[in-house]
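Heads up: the structure comes next, in structure tokens.
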Amino acid sequence: MFSCLCFLWVVCVVTVADPCAGGGGSGPYSQCAGSDVLCRNNGVCKKDVRGSYICECPEGYSGKLCQIVGIPRKCVLRCQNEGVCQIKNGKTTCACPDGFSGRRCNDEDIALRCSYFDCYNGGQCNVLEEVPICICTKGFTGRRCQDINYCEDYICYNSGTCRIENGGPTCVCPKQFKGKQCELIL
């Protein structure tokens with residue numbers, strides 16, 4: 001047997017062992033057994049996954065105890081990453097696109113970062129320290145493997161460094177060397 005506060009402040013008796021399991025009483029008020037949660041306006045008492053009691057509000061009501069008449073008319077959340085603001089069960093939420101989650105779609109799924117980061121010429125995308133990078137195939141270089149790597153097979157002798165100048169490879173030689181490939185001693 002369970003006692004609850006009903007409409008017009010009259011005490012009523014409901015014969016349900018766990019009012020939450022059986023719908024939470026009758027009338028416009030529903031109190032959760034063993035708690036001070038009193039759902040209003042025909043809200044239904046429910047247990048959430050943590051075992052806490054919550055009120056599930058009927059259409060037209062919102063709030064922790066279903067005490068707010070009406071639902072928000074305007075979506076006020078500023079959703080990020082092309083998320084769409086919507087009203088669900090009287091609450092504003094963001095519907096997030098693939099790869100994003102969180103209250104405002106501001107949490108990014110790191111594994112999906114490569115899905116919008118193109119690598120060219122057979123390069124493969126990888127995420128390094130939360131930043132997408134391209135691992136280029138032989139013969140290509142650049143952030144997205146977009147450039148031909150003329151220096152890959154070009155030899156600079158005597159610790160010279162290959163650079164691309166005027167569309168082709170050239171060697172920058174240490175002070176004591178010269179020549180097209182730093183092959184001559186000064």
Side-chain angles (χ1 to χ4, degrees), residues 44 46-66 68 70-186:
V44 178
K46 300 259 179 170
K47 267 188 184 177
D48 67 11
V49 292
R50 295 181 308 247
S52 299
Y53 293 104
I54 60 169
C55 296
E56 188 174 277
C57 302
E59 191 171 325
Y61 296 93
S62 62
K64 187 174 182 179
L65 303 173
C66 305
I68 301 171
I71 58 173
R73 298 185 208 294
K74 185 177 171 186
C75 227
V76 294
L77 281 179
R78 291 192 174 145
C79 303
Q80 298 176 6
N81 300 305
E82 297 182 17
V84 177
C85 187
Q86 59 187 14
I87 298 172
K88 250 187 178 178
N89 297 327
K91 296 178 183 175
T92 53
T93 62
C94 290
C96 303
D98 288 343
F100 297 95
S101 61
R103 179 165 162 75
R104 294 200 168 117
C105 303
N106 56 341
D107 297 328
E108 187 175 5
D109 183 354
I110 292 173
L112 292 177
R113 288 186 181 189
C114 283
S115 66
Y116 60 87
F117 191 83
D118 293 328
C119 296
Y120 304 107
N121 300 307
Q124 295 293 316
C125 182
N126 198 353
V127 178
L128 180 66
E129 295 179 6
E130 297 185 17
V131 177
I133 61 165
C134 292
I135 308 299
C136 301
T137 57
K138 184 175 171 70
F140 296 96
T141 189
R143 184 161 194 262
R144 296 184 179 231
C145 306
Q146 73 276 11
D147 300 322
I148 295 173
N149 188 356
Y150 293 104
C151 288
E152 188 167 50
D153 293 323
Y154 195 78
I155 299 170
C156 293
Y157 298 104
N158 300 308
S159 300
T161 305
C162 182
R163 288 198 184 152
I164 306 298
E165 288 183 11
N166 300 322
T170 187
C171 291
V172 177
C173 303
K175 290 180 183 176
Q176 64 271 30
F177 298 97
K178 66 177 186 171
K180 188 174 179 183
Q181 294 178 290
C182 305
E183 72 278 9
L184 303 172
I185 299 174
L186 284 177

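What you see below is based on every heavy atom in this structure, not just the backbone, and it leaves out hydrogens, waters and symmetry mates.
- Looking at Ile148 and Phe140, their side chains come closer than 4.5 Å, going by heavy atoms from C-beta outward.
- Taking CD of Gln146 as the reference point, atom OG1 of Thr141 lies at 8.0 Å (rounded to 0.5 Å).
- The side-chain heavy atoms of Cys114 and Asn126, taken from C-beta on, include no pair separated by under 4.5 Å.
- At distances below 3.5 Å, not a single donor-acceptor pair connects side-chain atoms of Thr170 with backbone N or O atoms of Ile164.
- Within a 6.0 Å radius of CD in Gln124, no more than 12 heavy atoms belonging to other residues, nucleotides or ligands are found.
- Residues passing the side-chain hydrogen bond (donor to acceptor under 3.5 Å, both in side chains) test with Asn166, sequence neighbours excluded: none.
- Asn81 places none of its side-chain heavy atoms less than 4.5 Å from the side chain of Arg104.
- The sulfur atoms (SG) of Cys79 and Cys94 lie less than 2.5 Å from each other.
- With 2.5 angstrom as the limit on SG-SG distance, Cys171 and Cys182 do not come in below it.
- From Cys156, atom SG reaches atom NZ of Lys180 across 10.5 Å, with rounding to the nearest 0.5 Å.
- Under the 4.5 Å side-chain criterion, counting only non-hydrogen atoms from C-beta, Phe117 is in contact with Cys134.
- Here the CZ atom belonging to Arg144 is positioned 6.5 Å from the CG atom belonging to Asp118, to the nearest 0.5 angstrom.
- The SG atoms of Cys145 and Cys136 sit under 2.5 Å apart.
- A donor-acceptor pair under 3.5 Å links the side-chain atoms of Asn149 to the main chain of Cys151, judged by distance alone.
- Considering only heavy atoms from C-beta on, Tyr154 comes within 4.5 Å of Gln181 through its side chain.
- Surrounding CD1 of Ile185 are at most 12 heavy atoms belonging to other residues, nucleotides or ligands under 6.0 Å away.
- A donor-acceptor distance shorter than 3.5 angstrom exists from the side chain of Glu152 to the backbone of Gly139, with no hydrogens or angles considered.
- The nearest pair of heavy atoms linking Glu183 to Asn158 is CA-ND2, 4.2 Å.
- With sequence neighbours excluded, no residue forms a salt bridge (charged side-chain N to carboxylate O under 4.0 Å, His left out) with Lys175.
- Side-chain contact between Ile135 and Ile133 is present, with heavy atoms from C-beta onward closer than 4.5 Å.
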